[in-house]
Amino acid sequence: GETKKGGLAEAWVSWKNTGWNIRLGQQSLDVPFIGNYDWRIMPPLFSAVDVRYGQQDDFVRATYIDRFKSYADDQFLQSSRYSDQIETDGAWSLGVAKHFEWTDQTLKSQLWFQSYADYVNVLYTESHLQWPKLKYQPDLAVQIMQAQEQGDAKAGKVDHQGVGIALALKVTDQLTLKTAYNYIKPNHDSYLNGALFAPYMVYTSSGPYFAQPFFTSTQDLGAGNAFMLSVEGALSANSWIGANYSFMNLAESDSVKDLNQSEYVLYGIYNLSGALKGWSVANFFGFATSPRSDDVFVQNRFGIKYTF
């Protein structure tokens, strides 16, 4: 397909003025189901127009995507992570966020509608009710996801309904404990038994799912129930540690048995200081088991990063 030429991965211009933030060009995007999964060395990039008005928890944001560049590509194409052969006219996204504060509670909510040309329409909402003055500072969150095929439906029928709930507790000044659950309604004649389809995120990330594994992706495993339990926090000003357990009671078809994948992950991140300021090292070690396989999946990921 037609490409955006040029040797630069990111090349954009921006304009800011009294609440407005407009960016045009080749850029990364922190939009649900589209970007912000940059744990790889090369993040996904988009040829896009991104317009935002407001602050962190109160904003209106509109985004139009023309082309996409995966971490595996060296050009911007009309394709997606779903297929490098299928071309579409891109996507657009509209998001609204609002927060409310009372004496003892805070409510933060977001609502997103996204249209991926000739693939799917996605509706997503997420809310957090927080009690910052209570012991453990509880954060109770709910998310709802819906998706339906549209246009030429180049990924086939998509009929997805999902809901998630999560509770985070600040068990010490440094450590946060989180438990999460997602339910994805099975639908045997829909994409992956009713799973969510998002063409720029598929095969790559769980995105905003509350309950997600580290080495695989909730949205790529089918429908059913997903659970997660995690604890993480700062050991010092420069170090961060965490542990994560997830159970994926999901199936990609009604003709196969549930995956029932258990995944265990330990990780640590250390930011160097002094003459090495800007450098950080990270290590993620984990393994996963499933009754579908006699083998245990084991993986270790080590990374070194420099922030300019």
Side-chain angles (χ1 to χ4, degrees), residues 32-34 36-37 39 44 70 80-84 86 91 112 114 116 118-126 141-150 153-166 178-230 244-265 286-299:
F33 308 113
I34 292 178
N36 203 29
Y37 43 89
W39 52 268
S70 168
S80 68
R81 280 290 296 150
Y82 176 66
S83 171
D84 58 4
I86 299 175
W112 297 84
Q114 300 171 338
Y116 301 87
D118 288 325
Y119 278 128
V120 65
N121 289 331
V122 175
L123 181 66
Y124 175 63
T125 182
E126 177 177 329
V142 175
Q143 61 182 186
I144 300 173
M145 307 165 182
Q146 292 182 306
Q148 195 81 36
E149 82 277 1
Q150 62 111 313
K154 294 183 178 181
K157 179 180 179 181
V158 177
D159 187 1
H160 167 78
Q161 293 91 39
V163 62
I165 186 168
K178 180 179 179 181
T179 180
Y181 167 74
N182 278 91
Y183 173 71
I184 301 162
K185 183 181 178 181
N187 189 340
H188 68 92
D189 62 349
S190 178
Y191 172 82
L192 281 188
N193 197 30
L196 175 71
F197 176 78
Y200 298 121
M201 194 182 76
V202 66
Y203 314 138
T204 310
S205 167
S206 298
Y209 271 99
F210 290 158
Q212 55 177 279
F214 181 76
F215 296 114
T216 52
S217 169
T218 305
Q219 60 139 5
D220 296 324
L221 301 177
N225 305 281
F227 304 87
M228 188 185 76
L229 180 66
S230 68
N244 189 92
Y245 169 74
S246 62
F247 182 70
M248 299 291 109
N249 173 230
L250 303 171
E252 68 274 24
S253 166
D254 63 353
S255 62
V256 299
K257 62 182 180 181
D258 291 338
L259 179 64
N260 284 346
Q261 172 186 285
S262 288
E263 184 193 82
Y264 308 80
V265 179
F287 64 93
T289 63
S290 168
R292 289 193 192 175
S293 175
D294 294 331
D295 298 325
V296 176
F297 174 86
V298 180
Q299 190 165 108

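Just so it is clear, the model here is predicted, and its values are computed rather than measured. Numbers here are sequence positions counted from 1.
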Rounded distance (nearest 0.5 Å) linking atom CD of Gln212 with atom CD of Gln219: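 One gets 10.0 Å once the value is rounded to the nearest 0.5 Å.
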
Give a yes or no on whether the ring-centroid distance for [X] and [Y] is below 6.0 angstrom.
X: Phe297; Y: Phe287; value: no
X: Phe197; Y: Tyr119; value: yes
X: Phe33; Y: Tyr124; value: yes

Over 12 foreign heavy atoms within 6.0 Å of NZ, Lys154: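 Counting other residues, nucleotides and ligands, NZ of Lys154 exceeds 12 neighbours.
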
Within a reach of under 6.0 Å around CG of Asp189, are more than 12 heavy atoms found that belong to other residues, nucleotides or ligands?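 Atom CG in Asp189 is packed in, count exceeds 12.
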
Whether Tyr82 and Tyr203 hold their rings parallel, tilted or perpendicular, with breakpoints at 30° and 60°: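 Rings of Tyr82 and Tyr203: parallel, as their planes differ by under 30°.
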
Contacts of type salt bridge (charged side-chain N to carboxylate O under 4.0 Å, His left out), residue Glu252, not counting sequence neighbours: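 Testing Glu252 for salt bridge (charged side-chain N to carboxylate O under 4.0 Å, His left out), a comparison that skips the adjacent residues, returns Arg292.
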
Could you tell me which non-hydrogen atom of Ala226 sits nearest to which non-hydrogen atom of Thr218, and how far apart they are?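 Where Ala226 meets Thr218 most closely, the heavy atoms are CB-CG2, 4.3 Å.
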
Any donor-acceptor pair under 3.5 Å linking the side-chain atoms of Tyr245 with those of Ser262?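 Result is yes, a qualifying pair exists.
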
Do Tyr116 and Asn121 have a side chain donor and acceptor closer than 3.5 Å?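 No - no donor-acceptor pair under 3.5 Å links their side chains.
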
Could you walk me through whether Val122 and Met145 satisfy the side chain to side chain contact (heavy atoms under 4.5 Å, CB included) test, starting with their C-alpha distance in whole Å, then the side-chain angles of each, then the deciding distance to 0.1 Å, before giving a yes or no? CA-CA 7 Å; Val122 175; Met145 307 165 182; 5.9 Å; no

Any chance you could lay out the side chain to side chain contact (heavy atoms under 4.5 Å, CB included) test for Val202 and Asp220, step after step, and finish with the verdict? CA-CA 7 Å; Val202 66; Asp220 296 324; 3.3 Å; yes

